[in-house]
Amino acid sequence: MNTPKYEPKPIEEKWQRVWEDERTFHTPNPPPGTTDDTHWYQLEMLPYPSGDSMHMGHVLNYTMGDVLTHFRRRSGWRVLRPMGWDAFGLPAENAAIREGSHPRETVERNIVAIRGQMKRLGWVIDWEREVSAHQPTYYRWTQWLFLKFLERGLAYRKEAPVNWCPNDQTVIANEYVVDGRCERCGAEVELRNMTQWFFKITAYADELREYELPEGGWWPERSKTIQRNWIGRSEGAEILFRVEELDIDIPVFTTRPDTLFGATFFVVAPEHAFVEQHGNEEVREYAKHAGARRTEDRAAAEAKTGVFTGHHVINPVNGERLPVYVADYVLMDYGTGAIMAVPAHDERDHEFAETFGLPIVEVINEDDVLVSSGQFDGLPAEEAKRAIVEWLREQGRGAPAVSYRLRDWSMSRQRYWGCPIPIIYCDDCGIVPVPEDDLPVLLPDIDDYLPKGKAPLASNEEWMRVPCPSCGKEGRREADTMDTFVDSSWYFLRYVDPHNDQAPFDRAAVDYWLPVSLYIGGIDHLTGHLLYSRFFVKALNDMGMVGFREPFARLYHQGWVQMGGTKMSKTKGNVTGPAALVDEYGADAVRLTILFMGPADQDKEWTEEGIEGVVRFLRRLWRVVHEVAERAPSDWREGPLTQRAHETIAKVSDDVERRIQFHTPISAVMVLVNELSDDPAAPDARFAAETAVSLIQPYAPHIAEELWQRLGHERLWEHPWPVADPAYLKRDTFELVVQVNGKVRDRLQVDATLPEPELVELALQSEKVRPHLDGMQVQKTIVVPGRLVNLVVG
RNA sequence: GCCGAAGUGGCGGAACUGGCAGACGCGCCGGACUCAAAAUCCGGUUCCCUCCGGGGAGUGUGGGUUCGAUUCCCACCUUCGGCACCA
């Protein structure tokens, strides 16, 4: 027998050429009006082309999606599996700056390189649907959607304290400030008051806390909890406090209206308008310094600081005059930026009161009942909350209110490489949207795009000057660009209808495919991209543009592939790519290795050692299949491998489909191949070999296709996924475990049809069991049919 | 501080619904083939004791429920993640 050597490269190139020539992985949309429940939209988060190669984290992510895609396709489903590029934004622009080229050149070169690697890995991707955020055919519709949000009041401009990254020289969103630092570059962010565009994501705060998933959909509980933590909902009341001498009201938000009688002073945040309008020089001086500090630093301060403003407010519930302080422990961006201070029942207020010698009045006793609270005395605190708010409402001094931690999404960027915001400013007409027919507002090519603390586009006079669409007088363009996360908040809709030049997408097509059946991506995007996308879809649904309210029916987070204990990423520089490994061992081996490393949702340390075992397995599979092709009979007769093969089909199918688990199916096929190699001439060896090849195909499609051909067949990629015959999953005999007092004493091969009393009888007679029964009474017998007998003795 | 997840051989991990702990793979040990090596194949590999029949212990720690617990409950330890001067 002379089995040829397994050489992956020519085999992989051969089949990749076939798939490319035949457009094997192109999935056209079904004819309009098609309804079926056997379609699947498989999506993994799209990559940033900020470098010219992938790392092993990408390989894990996309290979998982690939296995699922093959599995669903062969199970008879119509599967959409696209790919695109998150090409705008800081990472790409910074990469271009580093290498001194234009961002467009950098990303387009990187896209070519990464696309080549993806094809070399043999992934099932419908390249005819490829989109990239930086192409005018795409960002035209990003701009169009922005205008729709503007019409609905969901995009707006305001001056507000925003996070400024001094290194990247742009505003960044709250969601991408981590521990007070820029998520991209690690620089400490500063708070700056700036006029910016925002998306009103807070309008959907409550809805985003709920998950309106379709039937069969699921999100990990952990993911939902993290999003809910981020949104942060507190129920309470808004209460008006009057400054008599100024004839103004200052609202506060509190979760503890029951403690209103215990308020002994009042505090506004340094950034509060009251300070600017009514503060004396000392107050404003304090506020200026305190307000410039980051929240993290304020929280870390050893002692409470503040200044009395000289003003007083009236407590609406008892008419007491409370001194108004400005203090930096009150934050402008939560609640109303002002608080009623109840030192007896709030730690921070207590600390402040101690420092400044302010009175402390207890209004709730140990039984959680109100005291010293006028007509509310004796009420349990929970009841008092409602009663006091109701009383305030009657007086016109308060109302129930809900406060969120979530802030509106600040989306203007003072950088060049992004989607232009389609707005024109006119001295007479104000903020004027660019008419739809004039879209896209093209991003001009400029030589000097370096960040300089203000939008680089602003210095391009020719581009900036434009007639006002409303009155025709000269206006000026918005020079900021959009946050990259705007681009990626709707890309999954564009894939469905990527070449549409009349609309961002066709509603019928989108309603057919969406929500995404399974979305795979890193958990780090939970409070950013994933929240933004859900907001977009809910808003689009309210605008009648899509027929669903959640973009992603199921969500799966792959674990980090780490090196040296930290996540592989370009910023950290600890990156290993697949290219060299693919050259040396082949794409199939790399695909198997990354999935065989362990549960896909767990973090893992990358090591090349694992690839050896996988390569051994592939060589063994190769050899055994050749032996089978040569020696096994071509007609099938049942043998011991038949049952094993059916068991493997059941195991692999269930793991992939229901459990979304990828490493145990590989083990199962290894077991089958190991047994097959013991007897490659068995009467059912051919069936076992075909089964092994068929089951490993989603993981290792090239070698599987080649071996399938050598077994005399064609086109495994469209061959129906095997189905386990239940008749073979039942065993005629089983191994009966015999326990005495819970300890295993014997294992007996017994007929599966034996009734329980006979199983007990066999157990009692076992040579290995009898010594353990000596001088003992059998008090109880437990029989688990098909498994074990436990004799309880004493 | 609040909320959540996870702890199993030398290593990655398996055991899905309370029923054989350690599948599969790595590594290691021994053997075959070879002048030799690589590759490949075969056998062994949780720990302790052993008269080689077997016996005992064992899934972070301590308790509990149960005939039976890696799995369920309670407490604790460790690690990781989210939120945190959020009123």
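Chain naming here is simple, since letters A, B, ... match the order of the sequence lines and numbering starts at 1 in each. Values below: all heavy atoms of this structure, side chains included; hydrogens, waters and symmetry mates excluded.
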*If the glycosidic angle is within 90 degrees of 0 it's syn, otherwise anti, so just tell me which one B/G81 is.*
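The base of B/G81 is oriented anti (glycosidic angle more than 90° from 0).
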_Tell me if B/G9 is syn or anti. Syn = glycosidic torsion within 90° of 0, anti otherwise._
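That one's syn.
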_Upstream residue (5' side of RNA chain B) when A/Arg256 and A/Val792 are each assigned their closest nucleotide_ = A/Val792
*Could you check A/Met332 against A/Thr664 and say which one's nearest nucleotide on RNA chain B is further toward the 5' end?*
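Whichever sits nearer the 5' end wins; that is A/Thr664.
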Please determine whether a side-chain nitrogen or oxygen atom of [X] lies at a distance below 4.0 Å from atom OP1 or OP2 of [N].
X	N	answer
A/Ser234	B/A87	yes
A/Arg623	B/C41	yes
A/Arg620	B/C24	no
A/Arg348	B/C86	yes
A/His772	B/G55	yes
A/Lys743	B/G55	no
A/Arg745	B/G56	yes

*Going by the angle between their ring planes, with limits at 30° and 60°, are A/His272 and A/Phe274 parallel, tilted or perpendicular?*
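Perpendicular.
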Whole-Å [atom1] distance, [N] and [M]:
N	M	atom1	result
B/A57	B/U8	C1'	15 Å
B/G22	B/G27	P	22 Å
B/A15	B/U71	P	15 Å
B/G81	B/G64	P	35 Å
B/G68	B/U45	P	30 Å
B/U79	B/C24	C1'	27 Å
B/G7	B/G60	C1'	6 Å
B/C80	B/C73	P	25 Å

Could you state the atom-to-atom distance from [atom1] of [X] to [atom2] of [N] in whole Å?
X	N	atom1	atom2	result
A/Glu735	B/A15	CD	P	19 Å
A/Glu235	B/A87	CD	P	12 Å
A/Ile782	B/A69	CD1	C1'	15 Å
A/Asp655	B/A23	CG	C1'	12 Å
A/Glu675	B/C24	CD	C1'	12 Å
A/Arg616	B/A38	CZ	P	12 Å
A/Gln661	B/A14	CD	C1'	9 Å
A/Ile523	B/G82	CD1	C1'	9 Å

*Would you find a donor on one side and an acceptor on the other, under 3.5 Å apart, between the side chain of A/Arg405 and the backbone of A/Trp230?*
yes
*If only atom types and distance count, is the side chain of A/Asp408 paired as donor or acceptor with the main-chain N or O of A/Thr202 below 3.5 Å?*
yes
*Test salt bridge (Lys or Arg N to Asp or Glu O under 4.0 Å) on A/Arg181 and A/Asp179 and set out the steps.*
CA-CA 5 Å; A/Arg181 292 173 178 277; A/Asp179 293 331; over 6 Å; no
*Among the candidates B/A21, B/C85, B/G19, find the nucleotide nearest to the side-chain atoms of A/Tyr329.*
B/C85
*Verify whether one side chain among A/Arg534 and A/Gln227 offers a donor that lies under 3.5 Å from an acceptor in the other.*
yes
*Please say whether more than 12 non-hydrogen atoms of neighbouring residues, nucleotides or ligands are located less than 6.0 Å from CD in A/Glu362.*
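Check fails, neighbour count at 12 or below.
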Any carboxylate oxygen within less than 4.0 angstrom of a Lys/Arg side-chain nitrogen, looking at [X] and [Y]?
X	Y	value
A/Glu382	A/Lys385	yes
A/Arg233	A/Asp206	yes
A/Asp346	A/Arg256	no

Using a 4.0 Å heavy-atom cut-off across all strands, classify [X] as base, sugar-phosphate, or nothing.
X	value
A/Lys224	nothing
A/Asp333	nothing
A/Arg228	nothing
A/Leu331	base
A/Val671	sugar-phosphate
A/Val342	nothing

*Go along nucleotides 1-13 of chain B 5' to 3' and tag each nucleotide: B for a protein heavy atom under 4.0 Å from its base, S when only backbone or sugar atoms are that close, - otherwise.*
--S--------SS
*Can the ring centroids of A/Phe266 and A/Tyr325 be said to lie less than 6.0 angstrom from one another?*
no
*Compute the ring centroids of A/Phe617 and A/Phe596, then answer whether they are less than 6.0 Å apart.*
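Centroid distance A/Phe617-A/Phe596: not below 6.0 Å, so no.
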*Measure distances between side-chain N and O atoms of A/Arg405 and base N and O atoms of B/C83, and say whether any donor-acceptor pair falls under 3.5 Å.*
no
_What I want to check is whether an N or O donor and acceptor connect the side chain of A/Arg298 with the base of B/C85 at under 3.5 Å._
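Check fails, no donor-acceptor contact within cut-off.
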*May I ask you to test the A/Arg554-A/Trp219 pair for a side-chain heavy-atom distance under 4.5 Å?*
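They are not in side-chain contact.
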*Taking side chain as C-beta onward, heavy atoms only, is A/Val267 less than 4.5 Å from A/Val324?*
no
*Any stems for RNA chain B, made of 3 or more Watson-Crick or G-U pairs in a row, each with both distances under 3.5 Å?*
B:1-7 with B:77-83, B:10-12 with B:24-26, B:27-32 with B:40-45, B:46-49 with B:54-57, B:60-64 with B:72-76
